[in-house]
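Report on one structure; see the data block that follows.
So that the names make sense, note that chain A is the first sequence line, chain B the second, and so on, each numbered from 1. Quick caveat, the model's predicted, so the values are computed rather than measured.
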Protein chains: 2
Amino acid sequence: MQRMTRQRAAVVEVLADSEEFRTAQELHDMVRGQGHSVGLATVYRTMQAMVSAGEVDVLRNAEGEAMYRRCERTEHHHHLLCRDCGRTEEIDAALVEQWAESVGRAHRFSNIEHTAELFGTCADCAADEDS
Amino acid sequence: MQRMTRQRAAVVEVLADSEEFRTAQELHDMVRGQGHSVGLATVYRTMQAMVSAGEVDVLRNAEGEAMYRRCERTEHHHHLLCRDCGRTEEIDAALVEQWAESVGRAHRFSNIEHTAELFGTCADCAADEDS
DNA sequence: CGTCGCGTTGACAACCATTCTCACCTTAGT
DNA sequence: ACTAAGGTGAGAATGGTTGTCAACGCGACG
């Protein structure tokens with residue numbers, strides 16, 4: 001049974017308000033910034049639960065830290081992140097899915113999974129750099 | 001200046017003999033298993049150097065640990081890993097490169113980088129599971 | 001409403017990959 | 001060989017993440 005606790009509600013709310021991928025530590029800070037008191041371990045536990053429930057996406061940044069984000073669409077999709085401001089665009093890429101499948105088949109691998117993320121500099125940040 | 005030391009040679013050799021992606025710790029064990037004495041920190045340092053020299057590929061496994069591998073081709077490419085035996089196939093995917101570029105352009109992101117790895121069960125391991 | 005069972009929590013320790021420190025060692029150029 | 005500068009190792013430090021366990025609080029049920 002999954003209970004709705006004060007802490008979980010606080011974490012979910014912060015996550016819902018955030019457009020971008022956040023580390024567990026950032027979420028923790030944000031929750032505390034809103035006056036709630038929530039333990040770091042609880043943030044991690046909540047994220048694990050939501051990830052395995054498919055309600056949240058995880059990805060690892062270049063340093064290997066886990067980052068979480070509540071996505072609009074629940075189906076499988078990919079992301080395009082701005083490496084400066086963290087802005088995130090969701091991308092569905094039937095092309096990549098097909099590619100993964102066909103490459104797997106060509107090498108006689110079964111049960112194919114894949115990761116694919118894009119990183120770049122968004123138009124706004126590129127403009128800022130010029131100035 | 002880059003010097004060739006006993007330790008570095010040992011690490012490079014082990015890496016050359018290995019077809020699969022290995023964590024720094026695994027490489028360390030393998031080197032010591034061959035009778036050489038090399039510090040773990042040195043393995044990490046050597047890997048960093050080789051990665052930034054483009055001689056070695058890194059990727060992060062699901063747990064976020066860095067894994068290293070010496071690849072045949074030096075150009076940018078992707079991998080298909082067997083999640084059971086670790087076997088690795090190199091894949092060049094012009095398709096994915098184009099996809100990354102065009103998606104980036106469509107969202108007006110510049111300086112696009114991407115990650116894309118495939119995981120599956122190879123034919124041999126699939127056969128083993130049946131038995 | 002009150003009780004009770006069990007999922008949940010939090011403070012803190014434990015873990016573990018990775019990096020840093022720093023005194024000592026080795027390579028490479030001459 | 002001589003020496004400067006890069007390289008090394010043991011261990012400590014770092015930092016993200018997970019485990020521990022007693023105390024807590026949802027919510028089902030009466």
Can you give me the closest heavy-atom contact between A:M67 and A:F21, atom names plus distance? CE-O, 3.4 Å
A:Y68 side chain to A:Q48 side chain, donor-acceptor N/O pair below 3.5 angstrom: no
Protein heavy-atom contacts under 4.0 Å, written 5' to 3' over nucleotides 13-26 of chain C as B (base), S (sugar-phosphate only) or - (none), form the string ----SBBBB----B
Donor-acceptor pair, distance only, cut-off 3.5 Å: does the side chain of [X] make one with the backbone of [Y]?
X	Y	value
B:S37	B:G35	no
B:S102	B:W99	yes
A:S52	A:A49	yes

Rounded to whole Å, CG of A:N61 lies from P of D:dG16 at a distance of 10 Å
In whole angstroms, the gap separating P of D:dG11 from NE2 of B:H28 amounts to 12 Å
Which donor-acceptor pairs under 3.5 Å do side chains of residues 78-85 of chain B form with protein atoms, sequence neighbours excluded?
unit_1 : atom_1 : unit_2 : atom_2 : d
B:H78  : ND1    : B:A116 : O      : 2.7
B:H78  : NE2    : B:H76  : NE2    : 3.2
B:H78  : NE2    : B:E97  : OE2    : 3.2
B:H78  : NE2    : B:H114 : NE2    : 3.2
B:H79  : ND1    : B:E117 : OE1    : 3.4
B:H79  : NE2    : B:H77  : NE2    : 3.3
B:R83  : NH1    : A:N111 : O      : 3.4
B:R83  : NH1    : B:T121 : OG1    : 3.2
B:R83  : NH2    : A:N111 : O      : 2.9

When you measure from the side-chain N and O atoms of B:Q2 to the phosphate of D:dG7, is any distance below 4.0 Å, counting only OP1 and OP2? yes
Under-4.0 Å side-chain N/O to phosphate OP1/OP2 contact, B:Q7 with D:dG7: no
